[in-house]
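By convention in this document, chain letters (A, B, ...) are assigned in the order of the sequence lines, proteins followed by strands, and residues within each chain are numbered from 1.
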Amino acid sequence: MTDETNTSESAEENFLRKIVAEDQASGKHDAPVTRFPPEPNGYLHIGHATTVCLNFGIARDFGGRCHLRFDDTNPVKEEQRYIDAIKQDIRWLGFDWGEHEYHASDYFDQLYGWARLLIENGFAYVDDQSQEDMRANRGTVTSPGTASPYRDRPAEESLDLFARMKAGEFPDGSRVLRAKIDMASPNMLLRDPVMYRILHAEHPRTGSDWCIYPMYDFAHGESDWIEGVTHSLCSLEFEAHRPLYEWFVQKIDELGGAPEGSTHHPRQIEFGRFNLSGTMMSKRNLLALVEEGKVAGWDDPRMPTLAAMRRRGVTPASLRNFVNTVGMSRRHKTIEIALFENCVREDLNKTAQRRSVVIDPIKVVITNYPDDQVEMMTATNNPENEADGTREVPFSKELYVQREDFMEDAPRKFFRLSVGREVRLRYGYWIKCEEVVKDDAGEIVELRCTYDPQTRGGESPPPDEEGKVRKVKGTIHWVSAAHALPIEVRLYDRLFMTDDPNEGKGDGRDWRENLNPDSLVTAAAMAEPALADAEVGEPLQFERVGYFTLDPDSGKAANKRVFNRTVTLKDSWAKQQKKK
RNA sequence: GGCGUCGUAGAUCAAUCGGAAGAUCGCCGGGCUUUGAAUCCGGAGGUUGCGGGUUCGAACCCCGUCGCCGUCACCA
């Protein structure tokens, strides 16, 4: 799977893994077989990452295997491009299904045979009722359904009709195959559920070979069984389907239809899904965001899709860590987005190389620095990882610093630049601001400063005659004006202003009104020369600003490098200011 | 409404057979610091939804009750 080892990943424990461990200890199975069964009708999002990590993680840790199986039983919704995108996302997450790629459509013949077996033995029948009649006859939650007039038609007749459905003799919706279970069951799903419907549609894999397609309930458990799946893990909304899942497997087994070599029935176990605060996860809403142009596409970095996160700079390791931190339980939950961001920072802090980038620059002229002098200063690439080494950064008389690192009437606790105050330029020199230059509009255009030659590299100056060492409280970053690389930064923030995107829904409002108008702020910035070599996807920290990565758009516009903000750094100064 | 889950700290999860209610993140305070980052130390935060019962002893077992969520397709 992945070479990266992470203690928090291997220390993971949850009720599902406990069940797997118990089954292994008791000898019920040698090794677990799990599966990730996406329907190829959309992009994977962070919620799917849970299921991917869960299933592949169990296989890895218990010496089993995990199948990738596309649940492609509804050709009107499914497309090949989604199959490709899903595979890319799973690999990116760090998992590999090896040769175990399957499709429910691989089993269409087997499924058809089993359907016939059930018909022959009186457990399924072709129903000619209209969809409306079927619905009406199913009854309600408080009253039992009434049997279809076709429920007891002879098996031979159903068999013949079913064959003709397959042969394409009937139009869509004219007939279905139903399991004969219990029209009075309090579980509506058992009131003779549909097994097959007629769909004259082109299937991405089987083309026009079929015009009848099995429903999820008939295809899923059977596919698990064929593949020898031991633990079929799914989300809570399938709980009511479990009796049906078990009914089909049990009946087929009783009728002698077990797949060759079958040693056990698969077991479905449900877990609770999660939501992220301030995030919409449903495919329908995500699609609306894209189609209405609220975001730039499925991989817009503000989307919760894996493709978007990859583009934004979120790493697979941080996603895996997040999923494990959240854990598994039998209830739906909403995770604070802060927890996710924290997991992203945790990984990026260890792996991202540091660079200097000045957003909203203001010019600094060091009046006592030689006009044409350029010094190369040594900067640490990553204090968290010495092996990343150092780089050389040019220093000269004219620099840029961030506008927000200067304040005219600065409070005592503002540890940055102000007239008469001294700060350290990281890896540069200590400078003291002497004068502010403004334009006619009163806008600050330049800071005139002096530097202390004894502080090269940002080091403290030697002690004075009395042995006292001068100190500075603040350190700011900078870029040499003459060497600066102009870049574009895309400052992404949360897409919604409210924790619940649907807040106020009852009052005629909907999520559209909760969108954060500042979820994307594009800014020009000045970067140190090393950023010319940045590569797409490479994790970077712009010191004191945040984590960034190069956007693929960069290649399209010559000389214009675009960096996406993955997540900000924690900012206790901003937090303190906010409290006031 | 029927059926089915689930209620433990602000959030997310633990708690062996019924035996002293914990962890992580967040929050608050402090140390260190050439990133107001990272890191280190400390702290606050709980009537285990509520009410009964069984028991020497209940988060756990029993009864009741309230609440949340899910589900009720020719989608998956």
Inter-nucleotide [atom1] distance ([N], [M]), Å rounded:
N     : M     : atom1 : value
B:C17 : B:C61 : C1'   : 12 Å
B:A21 : B:U16 : C1'   : 15 Å
B:G49 : B:U39 : P     : 34 Å
B:G53 : B:C69 : P     : 32 Å
B:A23 : B:A44 : P     : 12 Å
B:C27 : B:A9  : C1'   : 12 Å
B:C32 : B:A37 : C1'   : 13 Å
B:U55 : B:C60 : C1'   : 13 Å

Of all the nucleotides listed ([options]), which has the minimum atom distance to the side chain of [X]?
X      : options             : value
A:M215 : B:G36, B:G1, B:C75  : B:C75
A:E543 : B:C74, B:U5, B:U35  : B:U35
A:E459 : B:A76, B:U34, B:C72 : B:U34
A:H332 : B:G70, B:C75, B:C74 : B:G70
A:V326 : B:U35, B:C75, B:U12 : B:U12
A:E237 : B:U12, B:G4, B:U71  : B:U71
A:R330 : B:G36, B:U5, B:C13  : B:U5

Exercise for the section: May I ask you to check whether A:F218 and A:W114 place their ring centers less than 6.0 Å from one another? Expected result: no

Problem - Sub-6.0 Å ring centroid separation between A:Y429 and A:Y451 - result: yes

Exercise for the section: Just say parallel, tilted or perpendicular for the rings of A:Y245 and A:H220, cut-offs at 30° and 60°. Expected result: tilted

Exercise for the section: Fit a plane to each ring of A:F322 and A:F340, take the angle between them on a 0 to 90° scale, and name the class: parallel (under 30°), tilted (30 to 60°) or perpendicular (over 60°). Expected result: perpendicular

Practice task
Decide yes or no for A:R416 and A:F406: does some side-chain heavy atom of the first lie under 4.5 Å from some side-chain heavy atom of the second?
Solution key: no

Nearest whole Å is fine: how far is [N] [atom2] from [X] [atom1]?
X      : N     : atom1 : atom2 : answer
A:F218 : B:A76 : CZ    : C1'   : 16 Å
A:L569 : B:U39 : CG    : P     : 11 Å
A:E346 : B:C25 : CD    : P     : 8 Å
A:N342 : B:C13 : CG    : P     : 17 Å
A:I337 : B:C25 : CD1   : P     : 18 Å
A:F271 : B:G70 : CZ    : C1'   : 14 Å

Problem - Side-chain donor/acceptor of A:R331 to base of B:G70, under 3.5 Å - result: no

Problem - Polar side-chain contact A:E270-B:U5 base: donor and acceptor under 3.5 Å - result: no

Problem - Between A:E392 and A:T378: side-chain donor-acceptor atoms closer than 3.5 Å - result: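 Yes, side-chain donor-acceptor contact under 3.5 Å.
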
Exercise for the section: Assess the side chains of A:N74 and A:E39: does a donor N or O sit below 3.5 Å from an acceptor N or O? Expected result: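 Distance-only check fails for A:N74 and A:E39.
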
Within the structure shown, what part of the strands sits under 4.0 Å from [X] by heavy-atom distance: base, sugar-phosphate, or nothing?
X      : value
A:H477 : nothing
A:Y427 : base
A:L339 : sugar-phosphate
A:E39  : sugar-phosphate
A:Q131 : base
A:T73  : sugar-phosphate
A:P37  : nothing
A:K18  : sugar-phosphate
A:F238 : base
A:V176 : base
A:F414 : base
A:D71  : sugar-phosphate
A:T334 : sugar-phosphate
A:K473 : nothing

Fill in the blank from the handout: On RNA chain B, more 5' by nearest nucleotide between A:G327 and A:P214 is A:G327

Handout entry: Residue closer to the 5' end of RNA chain B, A:S174 versus A:F15 (nearest nucleotide)
Key =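 With A:F15 and A:S174 compared, the 5'-side residue is A:F15.
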
Looking only at side-chain N and O atoms, does [X] come under 4.0 Å of OP1 or OP2 in [N]?
X      : N     : answer
A:R197 : B:A76 : yes
A:K575 : B:C27 : yes
A:K283 : B:A76 : no
A:S572 : B:A37 : yes
A:R354 : B:U35 : no
A:K333 : B:C13 : yes
A:T325 : B:U24 : no
A:R191 : B:C72 : no
A:R138 : B:C74 : yes
A:N349 : B:A37 : no

Checking base pairs now: Watson-Crick or wobble, both atom distances under 3.5 Å. What partners [N]?
N     : result
B:G22 : B:C13
B:G2  : B:U71
B:C27 : B:G43
B:C60 : none
B:U65 : B:G49

Handout entry: Spacing of CD belonging to A:E528 relative to CZ belonging to A:R355, to within rounding of 0.5 Å
Key = 6.0 Å

Lys/Arg-Asp/Glu bridge criterion (N-O < 4.0 Å) met for [X], [Y]:
X      : Y      : answer
A:K350 : A:D388 : no
A:R35  : A:E227 : no
A:R69  : A:D106 : no

